[in-house]
Amino acid sequence: MSVDGAAPALLSWYDVHARALPWRAPPGAPPADPYRVWLSEIMLQQTTVAAVRPYFARFTERWPDVAALATADEGELMAAWAGLGYYARARNLLACARAVAKDHGGRFPDSEQGLRALPGIGRYTAAAVAAIAFGRRAVVVDGNVERVVARLFAVEEALPAARPRLHALADRLTPARRTGDFAQAMMDLGATICTPRQPACAICPLMTMCAGRATGDPARFPVKAPKAARPQRRGTAFWLERDGEVLLCRRPARGLLGGMLALPSGPWTADDPGLAGAPAEAGWRDAGHIAHVFTHFALDLRVVTALTGERTIAGQWWPVERLAEAGLPTVFAKAAERARSLMEIA
DNA sequence: AACCCGTGGAT
DNA sequence: TATCCAAGGGT
């Protein structure tokens, strides 16, 4: 089975079926603004198009170009990112914008190598921006491309070990011209037709050249190594209120939810930590608990509340009525919601 | 190289 | 309900 006609067939399909997205140029058109391409690529890392849309709209409204973003206040940017997840992306986003402003005269490098050196831009994103924003030939391999290629060639080797093989196969398919459209076409194909479950082979432009389809069970690809079980942890979050304000803290710059505002909370461990790590001695009352699932562990978070008159507790007092503006990550937004529902009764 | 890092929607 | 998974990068 030959895949010689894969790129032309895919591009013809893309000319008709390309998704219209706010950060994307129409098929065959000149490339979109590199700033918007870059911003969308960072937001789309491990994140669905539907989740990104409203964030992309708010960011481009608030910071219309890389020069504006480079001058953003870090706290404001982190708050704007709140809820989107993987918060290291937001910290790197700002660092990258500042590097472009300071070291590159306000313009993104137009080569993979130049892009790859910037914070938050790895192998995939460097290739994607080079191809999509600058028309460079680059081998763009994301999760969609891995799936499409694994099926097209019926690759039996399991991920993640198969990555180098899949990259080499993607290289074979990638055309010298319209590389940006080709990359986006592969991703659209993966998102709409060559989906993880129940691929719509009957309407696929690559149907006749797909070895995976020929096996009769294309959904079996890509083969994946089994994953480790997700451990359960328990913790306590503390809602301490004083004169209509609640105590928040800024989490350390690195690590889980790094750099984000949060409710004070003790250790998150296999055993219930009780009131360990409480920000003050107080008459803590139980407000119930919330469940939250992170990438590599699940959390059962008890929420406790107290009132205080103490004025010397370290942290940031935030008006309860304006808590939405604080930009709490989702786990703490859930905890805060639970605490407030109980405080209003009291 | 393995592990860490969020969230919400679909099945 | 549990599992999967989405335009990955950093260390």
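Per chain, numbering begins at 1; letters A, B, ... match sequence-line order.
Using a 4.0 Å heavy-atom distance criterion, A:Arg254 is classed as a sugar-phosphate-only contact. At a threshold of 4.0 angstrom between heavy atoms, the contacts of A:Leu21 include nucleobase atoms, whether or not backbone atoms are also involved. Heavy atoms of A:Trp38 sit nowhere under 4.0 angstrom from any nucleic acid atom. Residue-level contact check: A:Ser40 touches neither bases nor backbone, having no heavy atom under 4.0 Å from any strand.
With P as the reference atom, C:dG9 and B:dG8 are 22 Å apart, rounded to whole Å. When the P atom is compared between C:dA7 and B:dA2, the two are found 24 Å apart, to the nearest whole Å.
When only modelled atom types and interatomic distance are considered, A:Trp239 and A:Glu241 share a side-chain donor-acceptor pair under 3.5 Å. Side-chain contact, A:Asn144 with A:Arg147: a donor N or O sits under 3.5 Å from an acceptor N or O. With hydrogens and angles left out, the side-chain atoms of A:Tyr124 and A:Gln45 include no donor and acceptor closer than 3.5 Å.
In this structure, A:Phe294 has its ring center at least 6.0 angstrom away from the ring center of A:His296.
Mapping A:Leu118 and A:Lys227 onto DNA chain C by nearest heavy atom places A:Lys227 closer to the 5' end of the strand.
At a threshold of 4.5 Å between non-hydrogen side-chain atoms, the residues A:Met260 and A:Pro329 count as touching.
Interface limits on DNA chain C: the 5'-most and 3'-most nucleotides within less than 4.0 Å of chain A heavy atoms are C:dC5 to C:dT11.
Residues from residues 134-153 of chain A lying near DNA chain C, meaning a heavy-atom separation below 4.0 Å, are A:Asp142, A:Gly143, A:Asn144, A:Arg147 in numerical order. Of all the residues in residues 176-196 of chain A, A:Met187, A:Pro196 reach under 4.0 Å from DNA chain C with at least one non-hydrogen atom. For DNA chain B, no neighbouring residue in residues 160-174 of chain A is found when judged by any heavy atom under 4.0 Å. Sorted by residue number, the list of members of residues 94-104 of chain A with any non-hydrogen atom under 4.0 Å from DNA chain B is empty.
Within the cation-pi definition used here (under 6.0 Å to the ring centroid, within 45° of the axis), A:Arg178 does not qualify as a partner of A:Phe182.
For the ring-ring contact (aromatic ring centres under 6.0 Å, His included) test with A:Trp81, the passing option among A:Phe59, A:Tyr55, A:Trp63 is A:Phe59; the others fail.
Through direct or indirect side-chain contacts shorter than 4.5 Å among Ile, Leu, Val, Met, Phe, Trp and Tyr, A:Phe221 is connected to A:Val223. Hydrophobic cluster of A:Met207: no remaining members, since no ILVMFWY side chain lies below 4.5 Å from it.
Remark: A:Leu169 CG to A:His167 NE2 distance equals 11.0 Å, nearest 0.5 Å. Expressed to the nearest 0.5 Å, how far SG of A:Cys201 lies from CZ of A:Arg151 amounts to 7.5 Å.
For the side-chain hydrogen bond (donor to acceptor under 3.5 Å, both in side chains) test, residues two or more places apart in sequence or in another chain that qualify with A:Asp110 are A:Arg136.
Residue pairs meeting the salt bridge (charged side-chain N to carboxylate O under 4.0 Å, His left out) criterion with at least one member in residues 185-196 of chain A, sequence neighbours excluded: A:Arg19-A:Asp188, A:Arg24-A:Asp188. Residues in residues 258-281 of chain A take part in no salt bridge (charged side-chain N to carboxylate O under 4.0 Å, His left out) pair, two or more places apart or across chains.
Within a 6.0 Å radius of CD in A:Gln232, more than 12 heavy atoms belonging to other residues, nucleotides or ligands are found. Atom CZ of A:Arg250 sits in a crowded spot, with more than 12 heavy atoms from other residues, nucleotides or ligands closer than 6.0 Å.
Between the side chain of A:Ser12 and the backbone N or O of A:Ala9 there is no donor-acceptor pair closer than 3.5 Å.
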Could you list the donor-acceptor pairs under 3.5 angstrom formed between side-chain atoms of residues 301-315 of chain A and any protein atom two or more places apart in sequence or on another chain?
unit_1	atom_1	unit_2	atom_2	d
A:Arg302	NH1	A:Asp286	OD1	3.2
A:Arg302	NH1	A:Asp286	OD2	2.8
A:Thr308	OG1	A:Glu310	N	3.0
A:Glu310	OE2	A:Thr312	N	3.3
A:Glu310	OE2	A:Thr312	OG1	2.4
A:Arg311	NH1	A:Asp243	OD2	3.2

If the sugar-phosphate is the primed atoms plus P, OP1 and OP2 and the base is the rest, what is the B/S/- string for nucleotides 3-11 of chain B, using protein heavy atoms under 4.0 Å?
-SBBBS---
